[in-house]
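Data first, discussion second: the structure below is written as structure tokens.
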Amino acid sequence: MLTVIKTIFYLGPLIFGLGFVAPLSAQIISAAGWALPFGLTPLIAGLIIGGGLGFIAQIRGTWI
Amino acid sequence: MSPTQDLTQMTEAELLRMEREIAARHINKFPYFAVFWAFSNFVVWLSLWPLVFMGVIPLWLGFIIASLNITLSYLPSHEAQHDIIAKPGSPLRWLNQLVGHISTIPLVLPYRVAKYTHMEHHKHANDPDKDPDYATHADGPLSAIWRSLYYRQPRADGGLNAYGAALERIGRPDIVLDGVIYQLIHFGILFALAWSGYAIEAALLWWLPRHIALTYIQFYLSWAPHHPGNESGRYRDTRSFRSILGNIGSLGMQYHIVHHLHPRIPLYRTPQAYWEMKPILEARGCNVHEL
């Protein structure tokens, strides 16, 4: 159990990126009515943004 | 005693006796407003969710109110941490603990984590190795804000991230679990709301207001009253200061030196206690020049 919790916290930035930033980005894109290139849906764009930012934060250990 | 009276000729014992007499007049006063504040602030923050979801109030208004709510959530818990509402063993002890636990839920700060680390801060204020809040020390206000954000990052070793190490050092690693549970529930709720189509609401009613509140609280409760924070000792580790936002805007921290000297004086009595004690603090060489 402890190992699972430590792993969750270790992967925190990536999980937060996919779990929160991705749907947040998708809903902001939808609310703003932005047209996306390459036929991307807001959700796919959100996953790219959230996953990308989360991955960078995971590597760097910081979001800023 | 006049606020301008010169007491520099008095002995250590006389100064201490006078200081204690003043403190005694302000201790054991029931902080009615802090109790009302704790519950009303929490209920208002909770009510924002249905009010925004049902379109009764706009999200931008909910965001502003939530930011105020979460910023104001710490202080009632702080009164409870110092047993100001009710001491251990007294009939209203349950109320003290309830206020302590309830009020910092929006801040995602468990009461026991806050209490035990705060007691360490009082014992070791400005000690780079033992003060859990030492990471908030900074050269100036902008630097203080930046450090507050910086030390909140995933792999930073200061700020709230330092609380776990402090709890382990004092032999209470069990309390770290409170923080883990709070974090898992907090992020679980955020993720569930986000994937249910309420990500913007979750961001503006909890996630962003919490970060604004943490920055504001760390600025006014930790950085400003201890700046420059390069001395330790009962009369040297804290100061009084003049805030451009006044005493209310600075969350009552202009007179924080009184709190460090006598932590059981309720927040609402610290201004009066400060002005009564000021000649003593000046005679002690305290940093009370701004106010």
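Lettering of chains follows the sequences in order, A, B, ..., and the numbering in each one begins at 1.
- Of the atoms belonging to A/F16, heavy atoms from both backbone and side chain fall under 4.5 Å from chain B.
- Atoms CG and CG, from B/L190 and A/L24 in turn, are 10.0 Å apart once rounded to the nearest 0.5 Å.
- With a 4.5 Å cut-off on non-hydrogen atoms, A/I5 touches chain B through its side chain but not through its backbone.
- A centroid separation of 6.0 Å or more is found between the aromatic rings of A/F20 and B/F187.
- Taking a 6.0 Å sphere around CD1 of B/I244, one finds it holds 12 or fewer heavy atoms contributed by other residues, nucleotides or ligands.
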Which atom pairs, one donor and one acceptor, sit under 3.5 Å between chain A and chain B?
from	atom 1	to	atom 2	distance (Å)
A/G19	O	B/W195	NE1	2.9
A/Q27	OE1	B/A199	N	2.7
A/Q27	NE2	B/A194	O	2.8
A/Q58	O	B/R155	NH1	3.1
A/Q58	O	B/R155	NH2	3.1
A/I59	O	B/R155	NH2	2.9
A/G61	O	B/R155	N	3.1
A/T62	OG1	B/Q153	OE1	3.4
A/W63	N	B/Q153	OE1	2.7

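- Of the atoms belonging to B/A192, not a single heavy atom falls under 4.5 Å from chain A.
- With a threshold of 4.5 angstrom between heavy atoms, B/L193 does not approach chain A through any atom at all.
- At a 4.5 Å heavy-atom cutoff, the contact between A/I15 and chain B is made by backbone and side-chain atoms alike.
- Ranked by heavy-atom pairs under 4.5 Å with chain B, the list A/P23, A/A22, A/A57 is led by A/P23.
- Around CG of B/L245, the count of heavy atoms belonging to other residues, nucleotides or ligands within 6.0 Å exceeds 12.
- Around the CZ atom of A/F55, the shell of radius 6.0 Å holds no more than 12 heavy atoms that belong to other residues, nucleotides or ligands.
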